Number of protein chains: 2
Amino acid sequence: MSPTNAPAGAVRQASLRELNLALVLGRIAAADRPPSRADLATATGLTRATVSAVVEDLLAGRLVAEAEPAPRAGAGRPARGLVLADRGPAGLGLEVNVDYLAVCVVDLAGKVRHRTVHRADLRPVAPAEALALLVELAGQARADAARQGLTLAGAALAVPGLVDDAGLVRLAPNLGWRDVPVPALLAGHPPLTEQVPGVPALVVDNEANLAALGELHSRPPGPASFLHISGEVGIGAGIVLNGALFRGVRGWSGEIGHLPVHPQGLPCRCGGRGCLEQYAGQEAIVAAAGLARAELPADTATARLAELAEAGDAGALRALEEAGTALGVAVAGVVNLLDLDTVVLGGGYAPLAPWLCPPVLAEIASRVLTAAWSPVTVRPATLGAEAAAVGAAGSVVRQIVAQPAGWLARTG
Amino acid sequence: MSPTNAPAGAVRQASLRELNLALVLGRIAAADRPPSRADLATATGLTRATVSAVVEDLLAGRLVAEAEPAPRAGAGRPARGLVLADRGPAGLGLEVNVDYLAVCVVDLAGKVRHRTVHRADLRPVAPAEALALLVELAGQARADAARQGLTLAGAALAVPGLVDDAGLVRLAPNLGWRDVPVPALLAGHPPLTEQVPGVPALVVDNEANLAALGELHSRPPGPASFLHISGEVGIGAGIVLNGALFRGVRGWSGEIGHLPVHPQGLPCRCGGRGCLEQYAGQEAIVAAAGLARAELPADTATARLAELAEAGDAGALRALEEAGTALGVAVAGVVNLLDLDTVVLGGGYAPLAPWLCPPVLAEIASRVLTAAWSPVTVRPATLGAEAAAVGAAGSVVRQIVAQPAGWLARTG
DNA sequence: CACAAATAATTCAATCGTTGAACAAATAGT
DNA sequence: ACTATTTGTTCAACGATTGAATTATTTGTG
């Protein structure tokens with residue numbers, strides 16, 4: 001009912017091969033076991049002759065490799081299965097956060113092949129200095145990747161704030177960054193990766209969005225639509241709808257912290273009253289649990305809360321119960337509005353999920369119209385530490401899989 | 001950052017022409033003034049030779065027509081502009097609502113070429129009987145369309161309830177319909193339209209969704225993302241994101257009536273407390289304005305409210321102010337969550353928009369973080385009466401424009 | 001009036017990617 | 001050794017797009 005058939009521009013003779021390369025490579029990427037050329041012909045509807053020609057290109061470009069044939073019964077020539085190559089293109093993921101820099105390399109199959117985390121308080125550090133250090137770490141990652149037979153095809157950088165289309169970090173309050181021209185600051189350094197047609201050299205994006213994208217594309221495949229909530233000082237959400245991140249009109253979607261859960265409640269810095277952030281934001285939980293809130297970095301406060309809850313501390317348990325209830329009120333509204341069936345707790349909420357999930361689920365059960373016959377799942381995020389950096393690297397390799405022709409044009 | 005390049009299936013030689021037909025026809029449909037073949041070649045990137053060949057097919061299939069050349073200065077052969085044909089395919093839109101049946105025919109350019117409304121109370125009428133009457137009205141519309149040189153290429157039916165993918169109306173509470181197999185009931189009647197490859201003979205969908213789609217595609221073009229709210233007994237919304245209707249995991253998105261605006265407030269039939277419907281639903285507004293609620297059909301209650309408000313009736317004005325405020329609380333949350341900049345008031349809210357907009361805007365101003373520097377528009381829907389039927393017919397012709405090859409295959 | 005310049009549209013042979021049928025490769029079964 | 005089966009490759013036909021040349025149609029100038 002929503003026709004999306006018209007292409008954006010001219011479809012040429014050469015477009016046939018480009019699109020069928022993407023089709024076949026995507027099918028190989030999505031397969032549960034290595035498909036043969038004959039399998040791919042059946043699955044795609046292309047002839048065996050065409051599939052063989054396409055696969056020949058993919059093999060020559062180091063995008064796929066032939067697997068050992070699986071044992072089978074019956075007559076017939078043994079099939080050679082195809083897998084994504086583990087020596088070929090890879091994506092570089094970078095992250096600047098409040099108390100760490102992270103760099104990782106993810107290969108075509110989504111496997112993390114390199115990971116570096118540099119722990120430091122980045123708040124007093126100038127953006128240019130932080131980025132220079134990140135470039136150094138990226139260089140080390142690139143060398144390590146080369147030793148593993150990988151070529152970095154592009155990079156994505158995650159930052160905890162609002163980023164515009166051109167990579168200008170408009171505001172990252174917890175870092176103290178405002179209007180930081182990241183691409184310009186990095187332009188004075190050597191390139192981080194190879195140049196690949198169709199793949200931008202660097203994309204800068206919000207870390208909650210990249211974590212949500214990482215969750216979307218993690219294996220085994222999960223739902224195509226879900227709400228991914230990051231609990232920090234502010235509460236952010238990545239809204240994934242029908243397999244795509246919904247960014248909103250200006251790229252600022254996911255602002256869940258100012259959904260009203262008590263409209264005549266506590267005043268909020270946004271000017272409204274009773275906003276979710278006042279009840280379930282990290283500072284609110286910490287205060288309600290009776291912890292001293294100054295001096296504790298974000299990760300430590302979360303870890304401390306989890307320890308106390310694990311030990312049965314009544315104050316911590318009550319604080320988490322109340323936060324979970326407030327979170328559940330907001331989440332139920334979102335679930336009703338968008339008809340979602342999965343809520344993922346990430347960021348600072350992930351380690352607290354055992355205590356947050358029950359009250360969230362209780363509110364959903366009482367407020368979501370369809371909860372009785374169509375249950376909603378609330379679970380912690382599957383990507384672990386540095387989810388945003390891993391999600392960032394993953395977004396690069398997904399571009400290669402979606403448009404292999406650019407990579408092939410580069411390698412001849 | 002969200003690669004969508006891989007096609008769903010094999011791309012063939014014939015796919016080239018199919019896709020370029022859609023490209024060129026879509027460009028003609030979207031143009032402000034009739035484009036020439038040379039204009040289209042420049043705009044699409046195809047060669048003039050290819051555009052001429054494609055246009056020849058479109059002309060032969062009665063999808064486009066040549067316009068009178070516009071007067072111009074300077075040397076050169078006069079260009080012949082191209083427009084969507086006004087004698088060719090059209091879409092049939094049908095609607096079953098509580099107190100009327102509606103049938104309309106919309107041509108390729110989006111113009112309503114036939115409109116019939118049959119007023120009656122449909123609640124005591126069996127589904128099969130209501131549909132039989134609708135088929136009769138549709139037959140008359142088809143004959144009228146034929147007299148105007150139009151061929152009906154497909155039909156869509158709007159109903160006020162939940163519909164599954166197969167056209168089974170699961171629940172339409174205001175009509176008293178439950179699990180009504182609409183396609184099966186219509187199968188015993190003659191076909192409503194011609195058979196066109198790629199266009200389903202009949203699609204059944206929720207009326208709020210179809211009205212939102214109609215709004216999306218009305219002219220002049222408006223925003224690609226907006227919240228379209230229909231105020232009736234229940235409050236439904238069509239959520240249009242990036243030019244597509246977001247339906248949710250099970251097709252039940254847009255349930256805004258149970259967003260909490262007073263969490264410790266009035267109990268709701270959903271089991272929650274303080275839901276929007278209890279404050280801004282039609283019954284709530286009518287009761288707050290002091291009107292007798294029995295015996296008044298929906299349209300009449302809305303009209304009566306508008307009259308009273310126009311006349312300055314204090315009770316009606318206060319009721320609308322309060323409803324608007326509650327609506328604003330909910331809407332602000334949605335706007336924050338999804339980063340939208342447009343809210344459209346349709347259905348029963350459209351005639352009440354002059355009084356609902358100010359309090360909605362006030363709540364948005366105080367609760368939406370970005371309202372100060374990026375204003376949100378709240379406005380009544382542009383499609384008038386029978387918006388859902390018009391939206392339904394429009395969805396059929398948009399399929400033709402998006403996939404003209406099916407129509408051309410039918411007409412040789 | 002003839003010619004040049006400018007713009008729109010058509011003609012035509014070359015190119016390229018997919019196709020379907022035939023063929024080759026590699027196995028199990030009789 | 002031969003047949004049946006499945007996988008993968010070879011090859012000429014086909015159709016859509018291309019780029020260059022040509023034709024069509026106008027205005028402007030000498």
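Naming convention: chains lettered A, B, ... in sequence-line order (proteins, then strands); numbering from 1 in each chain. Since the structure is predicted, the reported quantities are computational estimates derived from the model, not experimental observations.
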From the list dT26(D), dG8(D), dT10(C), which nucleotide is the closest neighbour of the side chain of A75(B)?
->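 When the side chain of A75(B) is considered, dT26(D) is the closest of dT26(D), dG8(D), dT10(C).
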
Can you tell me which residue pairs pass the side chain to side chain donor-acceptor pair (under 3.5 Å) test with a partner in residues 46-55 of chain B, sequence neighbours excluded?
->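 Matches after skipping sequence neighbours: T47(B)-T50(B).
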
Which letters describe nucleotides 13-24 of chain C, given B = protein heavy atom under 4.0 Å from base, S = only from sugar-phosphate, - = neither?
-> ---BBSBB----

Grab the [atom1]-[atom2] distance between [X] and [N] for me, whole Å please.
X	N	atom1	atom2	value
L21(B)	dG15(D)	CG	P	16 Å
L59(A)	dG8(D)	CG	P	11 Å
D39(B)	dT7(C)	CG	P	13 Å

Output yes when at least one side-chain N/O atom of S52(B) is less than 4.0 Å from OP1 or OP2 of dA9(C), else no.
->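 Answer no for this pair, as no side-chain N or O of S52(B) is under 4.0 Å from OP1 or OP2.
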
Between P78(A) and R37(B), name the one whose nearest nucleotide on DNA chain C is closer to the 5' end.
->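 Mapping each residue to its closest nucleotide by heavy atoms, the 5'-most match is R37(B).
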
Quick one: salt bridge (charged side-chain N to carboxylate O under 4.0 Å, His left out) partners of R113(B), sequence neighbours excluded?
->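 Expected list: D107(B).
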
List in chain and number order the residues that pass salt bridge (charged side-chain N to carboxylate O under 4.0 Å, His left out) with R77(A), two or more places apart in sequence or in another chain; answer none if no residue qualifies.
->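 For R77(A) there are no salt bridge (charged side-chain N to carboxylate O under 4.0 Å, His left out) partners, ignoring immediate neighbours.
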
Look at the side chain of D144(A) and the backbone N and O of A141(A), then say whether any donor-acceptor pair between them is shorter than 3.5 Å.
->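 Judged by distance alone, no pair lies under 3.5 Å.
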
With a 3.5 Å cut-off and sequence neighbours excluded, list the donor-acceptor pairs that the side chains of residues 84-92 of chain A form with protein atoms.
none

With sequence neighbours excluded, residues passing side-chain hydrogen bond (donor to acceptor under 3.5 Å, both in side chains) with E66(A) =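 Per chain and number, E66(A) pairs via side-chain hydrogen bond (donor to acceptor under 3.5 Å, both in side chains) with R37(A), R80(A).
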
